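Computation of the quantities below employed the complete heavy-atom set of this structure, encompassing side-chain atoms and omitting hydrogens, waters and symmetry-equivalent molecules. These numbers were taken from a predicted model, which means no experiment stands behind them. A, B, ... follow the sequence lines: proteins, then strands. Residue 1 opens every chain.
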Amino acid sequence: MPAHTTPADAAEAVERQLALRRFLLPDEPGPPPGAPGTVTGVDVAYSESEGNGPPGLVAAAAVVLDAVDLTEVDRAAAVGPVPFPYVPGLLAHRELPAVSEALAGLRVPPGLVVCDGYGVAHPRRFGLACHLGVLTGLRTIGVAKTPFRLADDRSGAPPEPPGPRRGDHAPLYAPPIDAPEGTAGPPEVVGSALRTRAGVKPVYVSAGHRVGLAAARAHTLHLARDFRLPETTRRADRACRDALARARAQPPPPRRGSERVIGTDPHPGGRG
DNA sequence: GCGACAG
DNA sequence: ATCTTGTCGC
């Protein structure tokens, strides 16, 4: 699989998604939650691009946990200039260059990768979790903190909330994609609003690469036993913030190719 | 045309 | 995501 190159604009970014989507693999029986192995969390943090001051930076971190006791096994980070503007539906092009770099820096197999965002619960069924999976070949799932407007109607109505108990879940629907010609079939289930803790807002789970929705939910529940978010996401969030803080304190070293800077593509382009 | 819109 | 004041609770 070719390395992710930064699209010149939104149209090109969408084309890239549609092309890569062909390589997305379906559910496959992987290690069940808690089975011996590793599970990895990835996340990114940004620094403000203050006019003529500091350039916009994106720091990514990958934290590997022991799948049995959730203790940390390894971690890696990467920092580089923000390669693409924030556009709903195109998040992968903004975050994945740094995330891939961080994953490449790990010394142990990542196992299942838990992303902070969506998988197939996406306008084109190719959220960042799917994108990362296709790029790396790793098994991935997406766990987002807020709902995405995928409603089959324009009411703007949020997803139906899941039941009140931990483990309760409700379907996330989206209009059919790949509809031949106005063949607007029934809405499809693309994810789940999952209650990981009683009395707390749900998280939004969707399948990524080589992992189905049921397995994605099961893993999420296992990783989010004591908190609303998966332990993987919590650790990665902390790690990328730390990495960003270190990068800001120690600006880019002289050009000697020692510290690899990534995403050097200028011309981010804009929206439509 | 206008609003909504993962992180 | 990031920026912020303030409040509640262990």
Asks: Would you check if the distance from the ring center of A:Phe148 to the ring center of A:Tyr118 is below 6.0 Å?
Replies: yes
Asks: Which residues satisfy the side-chain contact (heavy atoms from CB on, under 4.5 Å) test with A:Arg228, sequence neighbours excluded?
Replies: A:Lys145, A:Thr196, A:Val200, A:Lys201, A:Val203
Asks: Only pairs at least two apart or in different chains count here, so list each side-chain hydrogen bond (donor to acceptor under 3.5 Å, both in side chains) that has a residue in residues 18-32 of chain A.
Replies: A:Arg21-A:Asp178, A:Glu28-A:Arg210
Asks: Convert the base pairs of DNA chain C into dot-bracket notation, remembering that pairs crossing earlier ones are written with [ ] and that bases paired across to another strand are shown as |; include only Watson-Crick or G-U pairs under 3.5 Å.
Replies: ..........
Asks: Just the table, please: protein N/O against nucleotides 4-7 of chain B N/O, every pair under 3.5 Å.
Replies:
from, atom 1, to, atom 2, distance (Å)
B:dA4, O3', A:Arg149, NE, 3.4
B:dC5, OP1, A:Arg149, NE, 3.4
B:dC5, OP1, A:Arg149, NH2, 2.8
B:dC5, O5', A:Arg149, NE, 3.3
B:dA6, OP2, A:Tyr86, OH, 2.6
B:dA6, O3', A:Thr146, OG1, 3.4
B:dA6, N7, A:Gly89, N, 3.0
B:dA6, N6, A:Gly89, O, 3.1
B:dA6, N6, A:Leu90, N, 3.3
B:dA6, N6, A:Leu91, N, 3.1
B:dA6, N6, A:His122, NE2, 3.4
B:dA6, N1, A:Leu128, N, 3.3
B:dA6, N3, A:Tyr118, N, 3.1
B:dG7, OP1, A:Lys145, N, 2.7
B:dG7, OP2, A:Thr146, OG1, 2.6
B:dG7, O3', A:Asp116, OD2, 3.4

Asks: Mind checking side-chain contact (heavy atoms from CB on, under 4.5 Å) for A:Pro31 and listing every partner two or more places apart, or none if nothing turns up?
Replies: A:Ala35, A:Arg139
Asks: Going by the rule side-chain contact (heavy atoms from CB on, under 4.5 Å), which residues pair with A:Ala218 if we only count those two or more places apart in sequence or in a different chain?
Replies: A:Pro33
Asks: For a quick test of your reading: what N or O donor-acceptor pairs under 3.5 Å do the side chains of residues 58-65 of chain A make, sequence neighbours left out?
Replies:
none

Asks: Any carboxylate oxygen within less than 4.0 angstrom of a Lys/Arg side-chain nitrogen, looking at A:Glu188 and A:Arg125?
Replies: yes
Asks: Test of understanding: with salt bridge (Lys or Arg N to Asp or Glu O under 4.0 Å), list the residues that count as partners of A:Asp168, not counting sequence neighbours.
Replies: none
Asks: Which pairs pass side-chain hydrogen bond (donor to acceptor under 3.5 Å, both in side chains) with one or both residues in residues 212-223 of chain A, sequence neighbours excluded?
Replies: A:Ser192-A:Arg217
Asks: So is A:Arg94 actually on top of A:Tyr86's ring, under 6.0 Å and inside 45° of the axis?
Replies: no
Asks: Quick one: the dot-bracket string of DNA chain B, using Watson-Crick and G-U wobble pairs with both distances under 3.5 Å, [ ] for crossing pairs and | for bases paired to another strand.
Replies: .......
Asks: Taking only residues two or more places apart in sequence or in another chain, which ones pass side-chain contact (heavy atoms from CB on, under 4.5 Å) with A:Asp69?
Replies: A:Asp66, A:Thr71
Asks: What are the 5'-most and 3'-most nucleotides of DNA chain C lying under 4.0 Å from any heavy atom of chain A?
Replies: C:dA1 to C:dT2
Asks: Is it true that A:His131 and A:His209 have ring centroids separated by less than 6.0 Å?
Replies: no
